[in-house]
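All remarks here apply to the structure that follows.
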There are 2 protein chains.
Amino acid sequence: MSDLLERLRGRGWRMTSQRRVVAEVLDGDHVHLTADEVHARAARRLPEISRATVYNTLGELVALGEVAEVSTDGRAKRYDPNAHRPHQHLVCSGCGAIRDVRPTGDPLADLPAQERFGFTVSGAEVTYRGLCPSCA
Amino acid sequence: MSDLLERLRGRGWRMTSQRRVVAEVLDGDHVHLTADEVHARAARRLPEISRATVYNTLGELVALGEVAEVSTDGRAKRYDPNAHRPHQHLVCSGCGAIRDVRPTGDPLADLPAQERFGFTVSGAEVTYRGLCPSCA
DNA sequence: ATCCTACAATGGACAGAGTCCAAGTCAAGA
DNA sequence: TCTTGACTTGGACTCTGTCCATTGTAGGAT
Ligand SMILES: [Mn+2]
Ligand SMILES: [Mn+2]
Ligand SMILES: [Zn+2]
Ligand SMILES: [Zn+2]
């Protein structure tokens, strides 16, 4: 993820230890942490980091398109570092586990013009629901 | 919507003025009100109705399958009386307007087995994003 | 028509998620 | 090294939703 840090520096980001640990925490596949989970993990490396800074940094990463916001339930938003390859989510109704999935085909193709009500439709998010192997 | 009230009475629901106005407020097509919007409209007819009762009643209607919960943003949940005919949602990124849409095809068909990670997949919610005619 | 009581409504305290702000700190260019 | 505007901080605040002890009432029983 140091390529991410490089890109951000290039965009004029002032590099701070707080931003570094937040970016480090948000690394890996199938990572979908809440802001408070990010804060807890960041605080293991940098105990005095504040909640406000985590929220600020996540918001900036989202605005820059480096991280995607995901809300699969009515609870806290989750932050997804896998923002460059578009994908959808498969959520376990039992335990809440989230996997990245790549459906075939384009969901937009399934929305005919007369179902668009004059909207300019630009994207679609799909949440698949089911039970994971442990919960089934 | 008096058919709804009939159905509920048949299920042993005790009929109160509060439940009646909540059910009345939740009538129509493309209706996706937040709990507080439901409360505000219900209070126009029954000024002393409490927020807690609105939340209780909405929760019961959802449990009975008469109303669907929809969360299209990270904000308040919305309550959708159109729960009997399955449908998806088209949301304006500008003003938040929500329309019911019926895409062709089954989204589940687009999720191949090797993308299911052993989950038992039972459903899919699709949120289409775009700009409505006024916002475009 | 009245009584009874289990179920429902109420309002206020509480909790979770997120935003805002004034004051203090510091990264990095001069 | 100095300077300064960007960044961080903690706490207050908002919004959404839940919980609970108390009070009220729908509807069956008499
Ligand atoms: Mn993801
Ligand atoms: Mn709907
Ligand atoms: Zn599970
Ligand atoms: Zn609009």
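Source: prediction; values computed, not measured. Here is the naming used below: chain letters follow the sequence lines, and residue numbers restart at 1 for every chain.
- An OP1 or OP2 oxygen of D:dT9 is reached within less than 4.0 angstrom by a side-chain nitrogen or oxygen of A:Thr53.
- As rounded to whole Å, 10 Å separates atom C1' of C:dC7 from atom CD of B:Glu60.
- A salt bridge is absent between B:Glu6 and B:Arg11: the closest approach of a Lys/Arg side-chain nitrogen to an acidic carboxylate oxygen does not fall below 4.0 angstrom.
- Take A:Ala124 and apply the side-chain contact (heavy atoms from CB on, under 4.5 Å) test, not counting sequence neighbours, and it matches A:Pro107, A:Leu108, B:Val126, B:Tyr128.
- Checked by atom type, the side-chain pair A:Arg99/A:His30 shows a donor-acceptor distance below 3.5 Å.
- Nearest-nucleotide positions on DNA chain C place B:Glu48 closer to the 5' end than the other of B:Glu48 and A:Ala35.
- A:Gly96 and A:Val91 make their closest contact through O-CG1, 4.3 Å (heavy atoms, listed as atom of the first residue, atom of the second, distance).
- D:dT16 atom P lies 9 Å from atom CD of B:Glu37, rounded to whole Å.
- A salt bridge does not link B:Glu69 with B:Arg78: every distance from a Lys NZ or Arg NE/NH1/NH2 to an Asp or Glu carboxylate oxygen is 4.0 Å or more.
- Rounded to an integer number of Å, the gap from A:Gln18 CD to D:dA6 C1' is 12 Å.
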Practice problem: Begin with the C-alpha distance, continue with both residues' side-chain angles, and end with the deciding distance and a verdict on ring-ring contact (aromatic ring centres under 6.0 Å, His included) for A:His87 and A:His89. | Solution: CA-CA 7 Å; A:His87 64 277; A:His89 292 105; 4.7 Å; yes

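- Residue side chain A:Arg51 reaches the base of C:dG18 through a donor-acceptor N/O pair under 3.5 Å, judged by distance alone.
- Of the residues in residues 69-79 of chain A, those placing a heavy atom less than 4.0 Å from an atom of DNA chain C are A:Arg75, A:Ala76, A:Lys77, in numerical order.
- Relative to the side chain of A:Ile49, the nucleotides D:dT9, D:dG17, C:dT10 differ in distance, and D:dT9 lies closest.
- Rounded to whole Å, the distance from CG on B:Leu8 to P on C:dA8 is 12 Å.
- Looking only at distances, no side-chain donor or acceptor of A:Thr53 sits under 3.5 Å from a matching main-chain atom of A:Ile49.
- At whole-Å resolution of the value, CG in A:Leu5 and C1' in C:dA27 are 15 Å apart.
- Following rounding to the nearest Å, B:Tyr55 (OH) and C:dA9 (P) show an atom-to-atom distance of 16 Å.
- Contact check on A:Arg85 versus A:Asp100 returns no salt bridge, with no Lys/Arg side-chain nitrogen under 4.0 Å from an Asp/Glu carboxylate oxygen.
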Self-check item: Under 4.0 Å protein heavy-atom contacts per nucleotide of nucleotides 19-30 of chain D, with B for base, S for backbone only and - for none
Solution: B-----BBS---

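- Taking atom NE2 of B:His39 as the reference point, atom C1' of C:dA9 lies 11 Å away to the nearest angstrom.
- Look at B:Glu24 and B:Arg45 and you find a salt bridge, because one of the NZ, NE, NH1 or NH2 atoms lies within 4.0 Å of a carboxylate O, short of that distance.
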